[in-house]
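Just so we're on the same page: letters track the sequence lines, and every chain starts at 1.
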Number of protein chains: 2
Amino acid sequence: MKKLLKIGELAKQAHVTVATIRYYESLHLLEPVSKAENGYRYYDDEAVTRLLFIKQAQTLQFSLAEIQQVFDVRKQGEPVCTLVKTLIDCKIATLEQEIQQATARKTMLETYRTSWAARPLDNPSDVKVCSLIEEVSLTLNRLEAI
Amino acid sequence: MKKLLKIGELAKQAHVTVATIRYYESLHLLEPVSKAENGYRYYDDEAVTRLLFIKQAQTLQFSLAEIQQVFDVRKQGEPVCTLVKTLIDCKIATLEQEIQQATARKTMLETYRTSWAARPLDNPSDVKVCSLIEEVSLTLNRLEAI
DNA sequence: GTAAACCCTGAGGTTGGCTTGAGAGTCAAC
DNA sequence: GTTGACTCTCAAGCCAACCTCAGGGTTTAC
């Protein structure tokens, strides 16, 4: 039997704050293996694994709700692989979309930047609006008119 | 002199809700040209342009605070191009980072998916945790150990 | 034996961009 | 002259993932 960890020790090992751990508990994502009379929470090593898993899943853009789904299914004694596969497929598709959209936005911004570089500075004494903004707005108006 | 618009008419033309318009006013992003005795707001066509500009800027990931910066500089009679150029450059850099990160995440997820496909389903009667999760956790533990 | 460092609960705050609701006044059409 | 569509203000709620604070109790190290 290994030594149990107090919340602060767990927090250090998993590189999170104690507040985060308590927050996860409120979401039923992580429960202490025991709670002493004085109210202190005690955790085993699995808690560290669990927290690291949560953090890894988060960097992969999984929400706490999705992570909880996985844990819930697991808790019911069912294999979670099907769910995980679905989640992964879904997330990959979402990421693809996001990459496409981000790329499109970047292209648009580069276009604006180029057209901006091609024109002189607006005359400070005669500025109603940045000419770039005018252009953007006109473009939009033309789009609206279609 | 063109006809002034009531808030509902403006909302329709700019494809936003009246609540949004009032919210923007609270942020000083958009003011009515006049306010009647009964409190009704009246807008000119520039308001439509302004709203469309805001929406366009938002799709390009500009925050309302950034958009307000542009309007503020413009209000002071200064050319906003320098600011806009800075913002655009900044945003392009951010987008590049985001695209890189998203791509990295996608690659990682695809790796997980592949390694998942290569193994059989976890035995439902002997499931402590999805083997994929185990693997992720083990990977992380190894990383931690370095 | 005392002071620092830890732990507890519970409530409230943060960020951004809105949305919703209550309660009331106004306007246009028939 | 009334119904229904519009408008107003002010306040609160929503989402996610926490963080912070108040006001305590506990443990540990010296």
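Relative to the side chain of B/R22, the nucleotides D/dC8, C/dT9, D/dC18 differ in distance, and D/dC8 lies closest. For A/K55, the listed nucleotide lying nearest its side chain is D/dC18; candidates were D/dC18, C/dT20, C/dC18. For A/Y23, the listed nucleotide lying nearest its side chain is D/dA17; candidates were D/dT27, D/dT7, D/dA17. For B/R41, counting side-chain heavy atoms from C-beta on, the closest listed nucleotide (C/dC18, D/dT9, C/dT9) is D/dT9.
Residue A/Y42 is out of contact with every strand shown, counting any heavy-atom pair closer than 4.0 Å. Here A/L27 lies out of heavy-atom contact (under 4.0 Å) with every strand.
Nearest-nucleotide positions on DNA chain D for A/Y24 and B/V18 put B/V18 closer to the 5' end. The 5' end of DNA chain C is approached more closely, in terms of each residue's nearest nucleotide, by B/S63 than by the other of B/Y40 and B/S63. Ranked by how close their nearest DNA chain D nucleotide is to the 5' end, B/K35 and B/K12 are led by B/K12.
Remark: B/T17 is in phosphate contact with C/dT19, judged by side-chain N or O atoms under 4.0 Å from OP1 or OP2. Phosphate proximity of D/dA16 to A/Q58: absent, as no side-chain N or O sits under 4.0 Å from OP1 or OP2. Taking only side-chain nitrogens and oxygens, B/N38 comes nearer than 4.0 Å to OP1 or OP2 of C/dC27.
Taking atom CD on B/E37 and atom P on D/dC8, their separation rounds to 15 Å, with Å as the unit.
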